[in-house]
Amino acid sequence: MLETIKRLRYRAFGLSISSDFPLPELPVTACPNDEYDVIVRRDDLSEKWAELGIHPYSFKVKENYVMFQLPKVAIFLIKNGKEIIVSPWAGADPAQIRLYILGTCMGAILLQRKILPLHGSAVSIDGKAYAFIGDSGAGKSTLATSLLENGFYLLSDDVIPVSFSLEDGLPYVTPTYPQQKLWAESLNHFGMNVSEYNSIYDRENKYLIPISTKFSEEMLPLAGIFELIKKDQESIELCPVVGLERLSTLFVHTYRHIFIKQLELVDWHFSSSAKIAEKVKIYQMKRPEKGFTAPQLVELILNTIKKEQTKC
């Protein structure tokens, strides 16, 4: 059974979070008990789920409502951008439950609050945010780590919350929490000992890496997006993404984009993507499938950013 600890308060994704469950990955905050943006609470959802009569791995999604079940883990219900209800199975692993609270559940919360969640890593470079998006295994977190090794700071890993300034309409990235997920191969390249880190539940070769001194808590303007793609080729290619392809790229790499239509957010997502495409340069970076190319990618990215700054 999961041990419930009442009245814990955290700060992440730009939100104050009250949780019945310990979330050790998140920074603790001292907000009053009755002041929070999101509550994570325990409740029995078994009857509600049984009434739906759908496949255990399916999602039930409608406006401001997302519900899903992972057998032997928990049933999750996300409502109104404010509430995550968790119904754990007996003997469920707390680490696996947290993985979904901080991943899929928070992704749904952000969408419900009309904060666009991109799937990738974001890094602070010269006072601006740069996002690195791509499919699983494309090398987003590895690239971010290489940038951190070059003196820059992490803003987010896995989920990148993008919102818009009320003053000038510019897109901004809100920091999430100080942790990365890295494959064992990447850890070896950076000289990090896998025995010092905890592996992600059910994924023995991917590890949770706390970021203590290289994390930025400052909300920063989004200045560039780089889509990483692995290809069967020997060299790295960089090209701008233009026209309507920019909207397609942003849709494909929106975290849990399968929720958008059923949450009735199609128009909002299109409008938000158009605003980003208008203000932010988007690039596609093709890299070889084999070999450790992070250092070369970093050099190319920094040179590209420098050229853009020179134009301005």
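Because the structure is a prediction, the values reported are computed rather than measured.
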**Asked** What's the spacing between Ile200 CD1 and Leu208 CG if we round to 0.5 Å?
**Response** 5.0 Å

**Item:** Minimum heavy-atom distance between Ala74 and Trp89, given as atom pair plus value
**Value:** N-CD1, 3.6 Å

**Asked** Would Val66 and Ile109 satisfy side-chain contact (heavy atoms from CB on, under 4.5 Å), going step by step from the backbone distance to the final call?
**Response** CA-CA 9 Å; Val66 175; Ile109 286 285; over 6 Å; no

**Item:** Connected via hydrophobic side-chain network under 4.5 Å: Met106 and Val28
**Value:** yes

**Prompt:** Under a single-linkage definition using a 4.5 Å side-chain heavy-atom cutoff for Ile, Leu, Val, Met, Phe, Trp and Tyr, are Phe226 and Tyr172 assigned to the same hydrophobic cluster?
**Reply:** no

**Fill in**
Looking only at heavy atoms, the pair that brings Thr104 and Tyr255 closest together is N-OH, 3.4 Å

**Asked** Under 3.5 Å, side chain of Ser87 to main-chain N/O of Asp43, donor-acceptor pair present?
**Response** yes

**Message:** Taking the side chain as everything from C-beta on, heavy atoms only, tell me whether Lys286 gets closer than 4.5 Å to Leu228.
**Reply:** no

**Other residues, nucleotides, ligands: >12 heavy atoms within 6.0 Å of Lys60 NZ** = no

**Asked** Going by atom types only, do Ser124 and Ser216 share a side-chain donor-acceptor pair under 3.5 Å?
**Response** no

**Prompt:** Are side-chain heavy atoms of Thr249 and Ile133 found at a separation under 4.5 Å?
**Reply:** yes

**Request:** May I ask you to decide if Lys82's main-chain N or O and Asn80's side chain share a donor-acceptor pair within less than 3.5 Å?
**Result:** no

**Prompt:** When clusters are formed by joining ILVMFWY residues with side-chain heavy atoms under 4.5 Å apart, either directly or through shared neighbours, do Ile78 and Ile85 land in the same one?
**Reply:** no

**Message:** Would you say that more than 12 heavy atoms from the other residues, nucleotides or ligands in this model lie under 6.0 Å from the CD of Glu217, or not?
**Reply:** no

**Fill in**
Separation between CZ (Phe132) and OG (Ser146), nearest 0.5 Å, reads 10.0 Å

**Request:** Give a yes or no on whether Trp49 and Leu70 share a hydrophobic cluster (residues Ile, Leu, Val, Met, Phe, Trp, Tyr; joining criterion: side-chain heavy atoms under 4.5 Å apart).
**Result:** no

**Request:** Indicate yes or no for a side-chain donor-acceptor contact from Arg113 to the backbone of Leu110 under 3.5 Å, with no hydrogens or angles considered.
**Result:** no

**Message:** Is the distance between the ring centroids of Phe292 and Phe190 under 6.0 Å?
**Reply:** yes

**Asked** Is the side chain of Glu308 donor-acceptor paired with the backbone N or O of Lys281 at a distance under 3.5 Å, no angle test?
**Response** no

**Message:** When you compare the side chain of Pro178 with that of Pro27, does any pair of heavy atoms fall below 4.5 Å?
**Reply:** yes

Using distance only, find each side-chain donor-acceptor pair of residues 272-279 under 3.5 Å and give its atom names and separation, not counting sequence neighbours.
residue	atom	partner	partner atom	Å
Ser272	OG	Trp268	O	3.0
Ser272	OG	Trp268	NE1	3.2
Ser273	OG	His269	O	2.9
Ser273	OG	His269	ND1	3.4

**Request:** Could you pull out the closest heavy-atom pair between Val194 and Asn188, with the gap in Å?
**Result:** CG1-OD1, 4.4 Å

**Prompt:** Does the side-chain contact (heavy atoms from CB on, under 4.5 Å) test come out yes or no for Leu220 and Tyr153, once each step is laid out?
**Reply:** CA-CA 12 Å; Leu220 295 175; Tyr153 289 82; over 6 Å; no

**Asked** Can you tell if the side chain of Ile301 reaches within under 4.5 Å of the side chain of Leu143, non-hydrogen atoms only?
**Response** yes

**Request:** Give the intermediate values and the outcome of side-chain contact (heavy atoms from CB on, under 4.5 Å) for residues Tyr197 and Leu182.
**Result:** CA-CA 10 Å; Tyr197 304 100; Leu182 287 176; over 6 Å; no

**Asked** Atom OH of Tyr207 and atom CE of Met192: how far apart are they, to the nearest 0.5 Å?
**Response** 12.0 Å

**Asked** Atom CZ in Phe215, atom OH in Tyr177: separation rounded to 0.5 Å?
**Response** 10.0 Å

**Request:** To the nearest 0.5 Å, tell me how far Glu227 CD sits from Leu250 CG.
**Result:** 9.5 Å

**Message:** Quick check on side chain to side chain contact (heavy atoms under 4.5 Å, CB included): which of Leu187, Asp157, Thr145 does Ile209 satisfy it with?
**Reply:** Leu187

**Over 12 non-hydrogen atoms of neighbours within 6.0 angstrom of CG in Asp168** = yes

**Neighbour count >12 (heavy atoms, 6.0 Å) for atom CG, Leu244** = no

**Prompt:** Within a radius of less than 6.0 Å around CG of Asn193, do more than 12 heavy atoms belonging to other residues, nucleotides or ligands occur?
**Reply:** yes

**Asked** Which heavy-atom pair separates Gln284 from Val241 by the least distance, and what is that distance?
**Response** N-CG2, 3.8 Å

**Asked** So Tyr36 and Thr29, side-chain contact (heavy atoms from CB on, under 4.5 Å) or not? Walk me through it.
**Response** CA-CA 11 Å; Tyr36 50 82; Thr29 187; over 6 Å; no

**Request:** Determine the minimum heavy-atom distance between Val173 and Ala122, stating which atoms define it.
**Result:** CG1-CB, 4.1 Å

**Asked** Is there a donor-acceptor pair closer than 3.5 Å between any side-chain N or O of Tyr130 and the backbone N or O of Ile125?
**Response** no

**Message:** I'd like to check Phe68 versus Tyr100 (side-chain heavy atoms, cut-off strictly below 4.5 Å). Are they in contact?
**Reply:** yes

**Prompt:** Is the shortest heavy-atom distance from the side chain of Arg41 to the side chain of Ile84 under 4.5 Å?
**Reply:** no

**Asked** So which heavy atom on Arg9 is nearest to which on Ser18, and how close?
**Response** NH1-OG, 2.6 Å

**Asked** Any chain of hydrophobic side-chain contacts (each under 4.5 Å) joining Phe21 to Ile75?
**Response** no

**Asked** Just wondering, more than 12 heavy atoms not from Glu149 lying within 6.0 Å of its CD?
**Response** yes

**Message:** Quick check: do Arg287 and Lys230 have side-chain heavy atoms less than 4.5 Å from each other?
**Reply:** yes

**Complete:** One should read off an interatomic distance between Gln112 CD and Glu63 CD, to the nearest 0.5 angstrom, of 10.0 Å

**Message:** Determine whether a donor-acceptor pair (N or O, by modelled atom type, separation under 3.5 Å) exists between the side chain of Ser16 and the backbone of Asp37.
**Reply:** yes

**Heavy-atom side-chain contact between Met67 and Lys48 under 4.5 Å** = yes

